[in-house]
Structures are given as C-alpha cells and as structure tokens.
Novice: 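This structure is in structure tokens; I'll ask about it shortly.
Labels below follow one simple rule: chain letters A, B, ... track the order of the sequence lines, proteins then strands, and each chain is numbered from 1. All values below were derived from every heavy atom in this structure, side-chain atoms included, with hydrogens, water molecules and symmetry-related copies excluded. Just so you know, these numbers come straight off a predicted model, no measurement behind them.
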2 protein chains.
Amino acid sequence: MSAPASKSPATLHDVAREAGVSLATASRSLNGSARKVNEAYRERVVEAAQRLGYTTNLFAQAVAKGSTTTVALLVADIADPYFSSIAAGVIDAASEENLVVTIAVTGRNAQRELETVRALRGQRPRVMILAGSRPTASAFQEELRAELTAFEDTGGKAAFISQDAPPFATVLLDNRRGAHDLAVSLAELGYRDVAVIAGPSEIRTAEERLDGFTAGLAEHGILLTPERIIQADFTRDGGYRGAQELLASGLAVDLIFAVNDVMAVGVVSALRNAGVVPGEEIGVAGYDDIPTVQDITPALTTVRIPLEDVGRRALRLATGSASSGAGTEAGDGPGTIPMKTILRESTPRRQA
Amino acid sequence: MSAPASKSPATLHDVAREAGVSLATASRSLNGSARKVNEAYRERVVEAAQRLGYTTNLFAQAVAKGSTTTVALLVADIADPYFSSIAAGVIDAASEENLVVTIAVTGRNAQRELETVRALRGQRPRVMILAGSRPTASAFQEELRAELTAFEDTGGKAAFISQDAPPFATVLLDNRRGAHDLAVSLAELGYRDVAVIAGPSEIRTAEERLDGFTAGLAEHGILLTPERIIQADFTRDGGYRGAQELLASGLAVDLIFAVNDVMAVGVVSALRNAGVVPGEEIGVAGYDDIPTVQDITPALTTVRIPLEDVGRRALRLATGSASSGAGTEAGDGPGTIPMKTILRESTPRRQA
DNA sequence: GGTAGCAGAGAAAGCGCTTACCGAAGCCTT
DNA sequence: AAGGCTTCGGTAAGCGCTTTCTCTGCTACC
C-alpha cells in the first residue's frame, strides 16, 4: 500500500553531472540565458536532461530569479458560464506567454475574497486578476485595496474585470451603456410596463446595469419605480424567485429584465411554471449572452459581451503585453470592451 | 509610466529582525512547526509579520521543504459546463486542504495534453488530475503514461476522471451502466428507431456510453446499425451537424441519443431548424445533466452525474484523504460514482 | 612574437525558507 | 548540592536553481 521509496526528481545537478559539465553551463543550456553556450555542450546537456526526464523545478527557479510565472485568477464561481468563459480567455492568453494560471473561487464573499488574495500572495504571482468581486462593501474594500496595493508595491500587478477600482488596472465593461442601449431597443419595441430583477447592490456590475437600463427607459418616458425592482443574487434560483415575487405583486408587467442571463433563465422558468407564456405575455431580457440563452425557448434577448476576449484582455493588460488598439473601438477609451444588444424571440415587437 | 522602484516583499529575515528574534524562531512561529516556541516570542513574531505585511513565500517554502501545496488540474475545455463543474468540485475540496489549484486546458488535443503535463510537472504539484483526456491515441498514450509514471515515481500522485488508466487512480464514472439504464428506460417508453450522436472514438467516456447504450437497446431487441451512429466532437455544433446529417440520411428515426448534453442541445436546435418538433416527432436524450438542459424546450432526458462531487472525489482520492464509503454505493466498487437516469419532456412515452 | 582583448566554462554566492544540530538555561532526581 | 534531563533559541547547512565573477585558453592585431 505504501509508495515505493520514491526517488526525488532529477535535479539540474544530476543533469550537469550526466552531461559532464558544470552546474552553471547546464543552467544556461536549458533555460534561455543571455550568455552564449557552446553548441556542443548545449546539446549534451539537453540530451542528458531528456535521458533523466528532467524538468526545471519552477519553484526553485522562482526563488532564484525572484520572479514567478504564475497568474492568479479569482472568480466568484467557476461553474458559472460567465466566469468560466472569462477563465478560458485568461488561460488561453496566459499559456501564450508561458504562464500558468491558478484559479481560486471566492463564492461572492468579500471576506473570503480577502483571505484568498492574501493566500494567493504567497505564491508571488506575477499578476492577479479579480473577476466578480464586490468591493462596495467598504470595510473589506479598504483591506482589499491595502492588500492589493502592497501586492503592487512589491512588483505584482492587479487587474479587475468589469470593476472600476481606481488605482488598479481594469478591463472596463461598459455595462451602463450596454444596458442603456438595451433599454432603448426594448422601449422602441413598445414595452412600457417594465420590471427588473437586479443584482446584489454591492456589486458594481449589477448597479451599473440597473443604472444604464433605468436611464435608457427614462429617455422614452418610462419610469422604473422602486417596487418594480427586485433584488436577487445572480443565480438562476434567485431569478426564479424574483419573478415569482413580481407576479405575486400584481403589478402590470410586460417585460422583465434580469441583469444577468443566469437569472433571466430562472425568470423564464418561473413564468412558464406560473402559466405565463414568456415572450408573448411578458417579454424577458438578460445580459451577458451566455451560450445557454440561445438554446432555451424563447431564445433570450440579451447584451453580448465577448467574455473570452475580456479574459484575454485582462491578462494582457496585466502583463503589459497590451495589443494596443486591437478590438478597442475608437472613442471607447482604452480597454473598454464593445457590447452589443442581441434581440431574440423573448422580446417580440409589442402590439400597442 | 514606469513602476515606482518596487521594494521586494518582506522576507522572513525582515520579520525576524523586526521582532528581534532569530530566523529559526520566526519560521517556527509562523509556519506550524513540530517544536514549541515560547508564546511571548511567537506573539512578537506574528505582530511583526502583520506590521510588515509579510506572507510566507510559498515557492521558497516549497524548495526548502521539498514539497508543494499545488494541485494541477487538466481539463479539455474550462468553458464547457461539464468541466467547469468538475473544476468547481476540485477547487472546493482543495481549498479545504489548503491547496491551490492550477488549471490548464488541453483543448481535447493529445499532443497538447502531453506538453501540458510536462510543463505542469515543473510546478512539482502534489497531485495531478486529468479530466477529459483521450489516452486511446496510443502513441501519446505511451508517452503520457511514461510521463505520469515518472511523476508518481518522484512522489506525485496522478488521478484520472472517468478514464480508467490502469496503473493510476481513477474516479470511475460508470458510463456503461448509466447509458445502459438510459437505453432500457427509453426502450420501455416505446422508442425503436434509435440513432446516436457518438463522441470521438478515442475518448473512452464516449466509447463506454455508446457501448452501454447499445447493450441496453439490444436487451430490448433493438439493433443499432453503424449508419445510425454518427461521430461528432462533443461540442454543440458537432451535435447540430450530426443531427443534420442524420436527417439528410433519410433513415427513420424516433430517438436521437447524444452521448453528452452539450451535443444534445445542438441536436434539439438542428431538429427545430429543420422543422422537426423535438420531443414529439423525434425524442432526444443526452448525458451529464448540465444545468442548461432543464431549461431548454423540451427539457432534456439525460443521465445525471454529480459533477462537483466527482471533482471533490478526485481530489480526495489523489491526496489520500479519501472519505471512504461516503457516496459510494455498496457493490459499486470503491470510487464508482452513482448515476441516475432523468426522464424529461424530450422523451415522452411513445404511442405505439 | 608579444600583448591586448574576448569568449565562454566553472566556482561560488546567493534567493527565502526549513531543520538538523548545538548549547545555555532551568528543572528534577538522588 | 551536583549531575543529568529537558526546553527552547540560535547557528548554519542545505533545498534547486540563477548569476556574478574569476580565470583559462584563444584569436587578433601591430
């Protein structure tokens, strides 16, 4: 049952001996060094390494070099398609730069997020990317900021996604504008009795979407009164319950906008279970354009965010390999991601 | 534009000096050591560490200790809900044991997988978890096996998910039985003209599901002829095209089973676009029970796998903290995950 | 032919941490 | 009261790498 006396992995030392060269030469041969190495030597070293199944111990390398090849990514929930798509982008861009990605999940919990950041700092990652944090909770806000500042002071780089956290880099999603445009489109389609399933108020993203949406409606003379705004928690079930609550309230409603798709899916389900035909009797719109929403019935109107791109962008922004200009619409300001309203069956034109 | 002369992070040395104790004492105070430390000293050290914003450099610790706190997870595609759910489980279980998880994606590419394993080895992870590999491709198979063997020989532990790779630990999903039971249920519902959207033949999981399904049908006298089996690639689009192909073939079909849900979703979409009402004219079934499938119309019949559990289990299996017995059905053999057929609207009882 | 100059291998000093090992101090035993 | 234990700081030797610096052996130039 017990493991066989496991030899430890081959070290550079072993390789050097095997190749009959010095430690220094071995190091220089294997890991790109500024200095040149005699080609014959290099070959011998490479062969020896191969023979011994040697792989550079990245930890040792990191301590010697004083810098790592790690990227830390914090997400609220990796099983949520919003975050997993972003993660895919981050990982993709990272592997292009030979960086490995460590993922931690914070469960939308500020306390936990702070702890995670602290723990992750021990890894001395080159960069830290935070998605889905809720920095509005000001007590933690301060501590988090302090922690990240310390991180940056010691050579790291922090980047936020969709969260404008002033001293730090951000991949800005123009949630306000996206939601605004969506509202305008919907108003033009004839919707008037609008309700919103909002997100947790401490989450900036949620707040911005609500704001933008409200503003867009206002331009068409539609007022979003407080009782038409239901708070939920970004989950499918939250959306479901929100819709139920709305139906129970007896308010006249011809459109429900959930500030993210996951909740919108819950809304659709709730409506149907309540005997309301989504899309016909009540329109439904979401936000994010996660893959699911084009497959449900009715296909959901939403706002598309190129999530993988966002992830990639965040990484590049943080590592400094910013492909400046690419993808950034002129006038959007640097780093702002374009979004697009996608109208689908869930919000047909309203017969007046 | 350039960063301010960034001081490097505080070291243990700094802490020791600040607290007026020796390096050794500082180390012992901060990182659980077998030996006792005078409480007064310990406090001073802890305070000093706090004051300096010190966090143990895990890399240095790892090189000194000769062991890390890293877990490497390889998945085919992190944006696929199948894998992201597993990842969620792995991360959850890992954080319980204070391990950090590094995720790499291999894109269902054997070559890439091999390279990734090699690269990840450099991190000297405690364990490596492989999900969605395709070890049937025998050339790489050998090399991969060799690499992993070397990994284990040097103290690591490799674990596969849903992939029986003999010398290594595995969280076995009884795909064969799950698919078998599904087939039986469907046959009992009256389906006869069955077709399958199979997965890539090198992927064991795909193969097992096809096998089990075929066997289940056979018990009810239903023969699955080769032209009724379409190969696809586990993606939504693959399922979509598979269904198109099937429709174009002119075969009589009353049920399409896609070996994973993601493809099944594509099938539903293809049917509908071709003017066929899924669930009524042709039944559809999938496998995995990803969240989406209960929200699409018709809700899909599928086989439920407790994916997060699978991830958790894999981690525990690999770290040795096996909660033996928990969740394992007696007689299933250790480590086999129970699965359950979920019948939904997409496969109503067939009128004879 | 002699000296300057350069290329490039090797020795050795770290990187930040852990952990034998050493030795001073306090306690007990007889 | 003296020797032997136990306790617990501190010293220093690594862990597996990188990198500076030294030093040898050439080539090159006049």
Side-chain angles (χ1 to χ4, degrees), chain A residues 6-46 48-49 52-70 121-126 154-156, chain B residues 6-45 48-49 52-70 121-126 154-155:
Chain A
S6 70
K7 39 184 179 341
S8 38
T11 74
L12 188 58
H13 190 86
D14 302 332
V15 175
R17 194 150 31 78
E18 172 87 7
V21 301
S22 77
L23 236 192
T25 305
S27 171
R28 291 194 271 254
S29 302
L30 292 175
N31 309 82
S33 137
R35 247 181 66 176
K36 264 205 292 202
V37 170
N38 184 309
E39 192 51 35
Y41 277 42
R42 146 170 274 122
E43 270 173 26
R44 278 169 55 190
V45 171
V46 170
L52 274 69
Y54 172 81
T55 29
T56 303
N57 182 329
L58 290 169
F59 282 34
Q61 189 173 61
V63 42
K65 279 194 167 167
S67 79
T68 68
T69 56
T70 304
R121 275 242 277 155
Q123 289 222 73
R124 303 284 186 269
R126 260 237 248 296
T154 54
Chain B
S6 70
K7 38 184 178 350
S8 39
T11 75
L12 187 58
H13 190 88
D14 302 332
V15 175
R17 191 150 31 77
E18 173 88 7
V21 301
S22 78
L23 237 192
T25 303
S27 170
R28 290 195 270 254
S29 303
L30 293 175
N31 309 79
S33 136
R35 260 181 55 177
K36 266 205 293 204
V37 170
N38 185 308
E39 192 52 34
Y41 278 45
R42 143 169 276 120
E43 269 172 27
R44 278 170 54 192
V45 172
L52 273 66
Y54 171 80
T55 29
T56 303
N57 181 329
L58 289 171
F59 282 34
Q61 190 173 58
V63 41
K65 280 197 168 164
S67 80
T68 67
T69 56
T70 304
R121 275 241 278 153
Q123 288 223 70
R124 302 286 185 272
R126 258 235 248 298
T154 55

Novice: Within this structure, what is the CG-CG distance for the pair N31(B) and L58(B), rounded to the nearest 0.5 Å?
Specialist: 9.0 Å
Novice: May I have the distance from L12(B) (atom CG) to dG10(D) (atom C1'), rounded to whole angstrom?
Specialist: 14 Å
Novice: Is the phosphate of dT18(D), meaning OP1 or OP2, less than 4.0 Å from a side-chain N or O of N31(A)?
Specialist: yes
Novice: Return no unless some side-chain N or O of Y54(A) is found under 4.0 Å from OP1 or OP2 of dC17(D).
Specialist: yes
Novice: Quickly work out the N38(B) CG to dT6(D) C1' distance and round it to whole Å.
Specialist: 15 Å
Novice: Drop me the distance from E18(B)'s CD to L12(B)'s CG, to the nearest 0.5 angstrom.
Specialist: 12.5 Å
Novice: Could you state the interatomic distance from CD (Q123(A)) to OG1 (T56(B)), rounded to the nearest 0.5 Å?
Specialist: 12.5 Å
Novice: Between dA9(C) atom P and R17(A) atom CZ, what is the distance in whole Å?
Specialist: 20 Å
Novice: How far does NE2 of H13(B) sit from OG of S22(B), to the nearest 0.5 angstrom?
Specialist: 11.0 Å
Novice: Measure from CG on L23(A) to P on dA13(C) and round the result to the nearest Å.
Specialist: 14 Å
Novice: For the CD atom of E43(B) and the OG atom of S29(B), what is their distance to the nearest 0.5 Å?
Specialist: 10.5 Å
Novice: What is the separation between atom CD on Q61(B) and atom C1' on dG14(D), rounded to the nearest whole Å?
Specialist: 16 Å
Novice: For T25(B) and for T25(A), find the nucleotide of DNA chain D with the closest heavy atom, then tell me which residue's nucleotide is more 5'.
Specialist: T25(B)
Novice: Note down the inter-axis angle between the two ends of the helix from dG1(C)-dC30(D) to dT30(C)-dA1(D), five pairs each, to the nearest 10°.
Specialist: 40°
Novice: Rounded to the nearest Å, what distance is computed from the CG atom of residue N57(B) to the C1' atom of nucleotide dT18(C)?
Specialist: 13 Å
Novice: Of the non-hydrogen atoms in T25(A) and Y41(A), which two are nearest, and what is the gap between them?
Specialist: CG2-CD2, 4.0 Å
Novice: Look at the side-chain N and O atoms of S22(A) and state whether any lies under 4.0 Å from the OP1 or OP2 oxygen of dA9(C).
Specialist: no
Novice: Got a donor-acceptor pair under 3.5 Å from the side chain of R28(A) to the base of dG10(C)?
Specialist: yes
Novice: Ignoring backbone atoms, establish whether S27(A) has a side-chain N or O less than 4.0 Å from OP1 or OP2 of dC17(D).
Specialist: no
Novice: 5'-most contact on DNA chain C: A24(B) or A60(B), nearest heavy atom basis?
Specialist: A60(B)
Novice: What's the spacing between T55(A) OG1 and R121(B) CZ if we round to 0.5 Å?
Specialist: 4.5 Å
Novice: Could you give the NZ-to-P distance, from K65(A) to dC15(D), as a whole number of Å?
Specialist: 21 Å
Novice: Starting at CZ of F59(A) and ending at C1' of dG16(C), how long is that distance when rounded to a whole Å?
Specialist: 14 Å
